[in-house]
Amino acid sequence: MRIAKEENVRFIRLQFTDLLGTIKNVEIPVSQLEKALDNKMMFDGSSIEGYVRIEESDMYLYPDLSTWVVFPWVTEDRVARLICDIYLPDGRPFPGDPRGILKAALKEAEEMGFTDMNVGPEPEFFLFKTDENGNPTTELNDQGGYFDLAPMDLGENCRREIVLTLEEMGFEIEASHHEVAPGQHEIDFKYASAIKAADQIQTFKLVVKTVARQHGLHASFMPKPLFGVNGSGMHCHQSLFNGKTNTFYDENDKLGLSTTARHYMAGILRHARAFAAITNPTVNSYKRLVPGYEAPCYVAWSASNRSPMIRIPASRGLSTRVEVRNPDPAANPYLALAVMLKAGLDGIKHKMQLPPPTDRNIYVMTEDEREDQGIPSLPLDLKEALDVMLRDDVICDALGDHALAHFVELKEIEWDIYRTQVHAWEREQYLTLY
């Protein structure tokens, strides 16, 4: 309250995330801040995707004080935000709150002796030009490629301002660069504990979109906005710690990987096809997961090869980690981290054996060669992903009955709308042919 007064904060956004990963908020004047800090701010949960029915709509916002930040792009009548957990009127955590679902998975990890899950996310995005009305077009703002700089990279100034804004909001930025596709960018920020990392992904998306709009651009985290070029991923580097010890590191192992790390990876591989519906949650996600565009479509691992789904980056010691490469930035980060963590913990619990690494380029292997080496494919579309998920008790348990039922319902509607729609490609192919 003192900071709000000193920095002339006039409004506070009480922010939370719906089941599909969309940021929502209730904005209150600073006069209501004390009430919010006492966990007495109520909202109508029946209006939020995947929350509750209209007859059980009252919910409470419990702000996490560690998430307080003042938005730097509002200079007068300043606006701050607090990220909130969702509670029911009887004081119980709401079972459909994505942040709460991740907290439950982390609690299980703690009971198994892991005090923290560290996550380093890499969300990619495209910058598109806007029209005279400010609406997004599909025209890219540059024709640059990987690591290009101006004049090829015309998003440089926008990207720099995004970095400066993020730093002002407490992010530690490690690198920013042009990605492989024209108009595609990546900004890497330092790893954090799982809840903070998921919070940061949501904040990152908000900042990127806000700053891009100030530059007359539209930032999109759509996984595959354009045919024929790379899509946008959100690789998730992850490791489990016990206090200050990275449980994934073993200096006596040839690859520097502990038994825990190997069991964790085996769990990720075992459940990868099932958690794809969460890490790759849209119809469009599966247009990215095709051979030839650096996106992993095969369930395998390697210490160096970038075609499998899991890669082990070269750093060792405290930096030893597993890079899971199939998630995309359309994913709800809280749910994505929860299902990956539960998959890894299942591998540790059951001491699953990690298959041998795949050090060949999987994209050039035949189907028979992949079958001989036991390398399955990720689901080909959202419908297959949903079907596989519903057959996996570990992933269903990670979500809980409420979130699972609502998520599947929403996604089956999405698939049905897509399935029954007539697309431009079909007209181009068939209208004159038949």
Next on the checklist: Checking the side chain of Q238 only, and the main-chain atoms of C236 only, is there a donor and an acceptor separated by less than 3.5 Å?
Outcome noted: yes
Checklist outcome for this item: Nearest heavy-atom contact between V299 and A272 is CG1-CB, 4.0 Å
Checklist entry - Can you tell me how far the CD atom of E186 sits from the CZ atom of R159, to the nearest 0.5 Å? => result 10.0 Å
Checklist entry - Would E414 and K383 pass as an ion pair if we require N to O under 4.0 Å? => result no
Next on the checklist: Restricting to non-hydrogen atoms, name the atom on D85 and the atom on D97 that form the minimum distance, rounded to 0.1 Å.
Outcome noted: CA-OD2, 3.6 Å
Item to check | Pairwise distance OH(Y298) to CD1(I375) - rounded to 0.5 angstrom | outcome: 9.5 Å
Next on the checklist: Main chain of P223, side chain of S232: is a donor-acceptor contact present, judged purely on distance under 3.5 Å?
Outcome noted: no
Item to check | Contact check, side chains of F275 and D392, non-hydrogen atoms, under 4.5 Å | outcome: no
Checklist entry - Taking only residues two or more places apart in sequence, or in another chain, which ones meet R92 in a side chain to side chain donor-acceptor pair (under 3.5 Å)? => result D90
Item to check | Side-chain donor/acceptor of R370 to backbone N/O of S377, under 3.5 Å | outcome: no
Checklist outcome for this item: When every non-hydrogen atom of L206 is compared with those of I23, the smallest separation belongs to CB-CD1, 4.3 Å
Checklist entry - Which residues pass the ring-ring contact (aromatic ring centres under 6.0 Å, His included) test with Y249, sequence neighbours left out? => result none
Checklist entry - So, E124 versus H185: side-chain donor-acceptor pair below 3.5 Å or not? => result no
Checklist entry - Backbone N or O of Y334 within a donor-acceptor pair of the N332 side chain at under 3.5 Å? => result yes
Item to check | W68: partners by ring-ring contact (aromatic ring centres under 6.0 Å, His included), with sequence neighbours left out | outcome: none
Checklist outcome for this item: For Y62, the ring-ring contact (aromatic ring centres under 6.0 Å, His included) test, sequence neighbours excluded, returns Y87
Checklist entry - Is the backbone of A219 close enough, under 3.5 Å, to the side chain of K209 for a donor and an acceptor to pair up by distance? => result yes
Item to check | Min side-chain heavy-atom separation L106-L337 under 4.5 Å | outcome: no
Checklist entry - Going by atom types alone, do E122 and H237 pair a side-chain donor with an acceptor below 3.5 Å? => result yes
Item to check | salt bridge (Lys or Arg N to Asp or Glu O under 4.0 Å) between E108 and K103, worked out | outcome: CA-CA 9 Å; E108 184 179 331; K103 284 186 173 183; over 6 Å; no
Checklist entry - How about Y418 and H423: are their ring centres within less than 6.0 Å of each other? => result yes
Checklist entry - Going through the checks in order, is the side chain to side chain contact (heavy atoms under 4.5 Å, CB included) test met by F16 and N25? => result CA-CA 6 Å; F16 57 100; N25 76 171; 5.6 Å; no
Checklist entry - Where the side chain of K224 meets the backbone of N230, is there a donor-acceptor pair that is under 3.5 Å apart? => result no
Item to check | N/O donor-acceptor pair under 3.5 Å between R321 side chain and S319 backbone | outcome: yes
Next on the checklist: Can you list everything that forms a side chain to side chain donor-acceptor pair (under 3.5 Å) with E174? Sequence neighbours excluded, please.
Outcome noted: none
Checklist entry - Please walk me through it: do I12 and L14 pass side chain to side chain contact (heavy atoms under 4.5 Å, CB included)? => result CA-CA 6 Å; I12 294 94; L14 302 176; 4.0 Å; yes
Item to check | Heavy-atom check, side chain of I312 versus side chain of M265, under 4.5 Å | outcome: yes
Checklist entry - Yes or no on side chain to side chain contact (heavy atoms under 4.5 Å, CB included) for F407 and K411, after CA distance, side-chain angles and deciding distance? => result CA-CA 6 Å; F407 182 85; K411 288 297 161 180; 3.7 Å; yes
Checklist entry - Got a donor-acceptor contact below 3.5 angstrom from the N280 side chain to the N326 backbone? => result yes
Next on the checklist: Show me the pairs that pass salt bridge (Lys or Arg N to Asp or Glu O under 4.0 Å) and involve residues 258-275, at least two apart or across chains.
Outcome noted: D253-R262, R273-E384
Checklist entry - Residues in salt bridge (Lys or Arg N to Asp or Glu O under 4.0 Å) with D199, at least two apart? => result R99
Item to check | D346 side chain to G267 backbone, donor-acceptor under 3.5 Å | outcome: no
Throw together a table of side-chain donor-acceptor distances under 3.5 angstrom for residues 110-118, partners on residues two or more places apart or in other chains.
| from | atom 1 | to | atom 2 | distance (Å) |
| --- | --- | --- | --- | --- |
| T115 | OG1 | F241 | O | 3.3 |
| T115 | OG1 | G243 | N | 2.8 |

Next on the checklist: Would you compute the distance between atom CG of D64 and atom CD1 of I83 and round it to the nearest 0.5 angstrom?
Outcome noted: 7.5 Å
Item to check | Ring-ring centroid check H218 F128, cutoff 6.0 Å | outcome: no
Item to check | Side-chain heavy-atom pair T210, I162 within 4.5 angstrom cut-off | outcome: no
Next on the checklist: My understanding is that only residues two or more places apart in sequence, or in another chain, count here; which of them pass ring-ring contact (aromatic ring centres under 6.0 Å, His included) with Y286?
Outcome noted: none
Item to check | Heavy-atom pair with the smallest gap, counting every atom of P72 and T165 | outcome: CG-CG2, 3.7 Å
Item to check | Separation between CD of E168 and CZ of F71, rounded to the nearest 0.5 Å | outcome: 12.5 Å
Checklist outcome for this item: Taken in chain and number order and not counting sequence neighbours, the residues that satisfy side chain to side chain donor-acceptor pair (under 3.5 Å) with S285 are T282, D328
Next on the checklist: Could you check whether any side-chain heavy atom of K342 comes within less than 4.5 Å of a side-chain heavy atom of D397, counting everything from C-beta outward?
Outcome noted: yes
Checklist entry - Between F125 and F221, how do the two ring planes meet: parallel, tilted or perpendicular, split at 30° and 60°? => result tilted
Under 3.5 Å, which donor-acceptor pairs link side chains of residues 28-43 to any protein atom two or more places apart or in another chain?
none

Checklist outcome for this item: CD (E139) and OG1 (T130) are apart, to the nearest 0.5 Å, by 10.0 Å
Checklist entry - Hey, mind stepping through H215 and E161 against side chain to side chain contact (heavy atoms under 4.5 Å, CB included) and telling me if it holds? => result CA-CA 10 Å; H215 283 254; E161 193 171 327; 2.8 Å; yes
Next on the checklist: Using modelled atom types and a 3.5 Å cut-off, is there a donor and acceptor pairing between side-chain atoms of T247 and backbone atoms of N242?
Outcome noted: no
Checklist entry - With a 4.5 Å heavy-atom cut-off, do L410 and L20 have their side chains touching? => result yes
Next on the checklist: With heavy-atom distances below 4.5 Å as the criterion, would you say the side chains of C297 and V290 are in contact?
Outcome noted: no
Next on the checklist: According to side chain to side chain donor-acceptor pair (under 3.5 Å), who are the partners of E6, at least two apart in sequence or on a separate chain?
Outcome noted: R2
Checklist outcome for this item: Taking every heavy atom of L378 against every heavy atom of P296, the minimum-distance pair comes out as CD1-O, 3.5 Å
Checklist entry - Hey, is CG on N8 packed in by over 12 heavy atoms from elsewhere, all under 6.0 Å? => result yes
Checklist entry - Would T203 and R81 count as having a side-chain donor-acceptor pair, cut-off 3.5 Å? => result yes
Item to check | Spatial distance of atom CD1 (I417) from atom CD (Q421) [nearest 0.5 Å] | outcome: 9.0 Å
Checklist entry - Can you tell if the side chain of L61 reaches within under 4.5 Å of the side chain of L82, non-hydrogen atoms only? => result no
Item to check | Smallest separation among heavy atoms of L19 and G96, with atom names | outcome: CD1-O, 4.0 Å
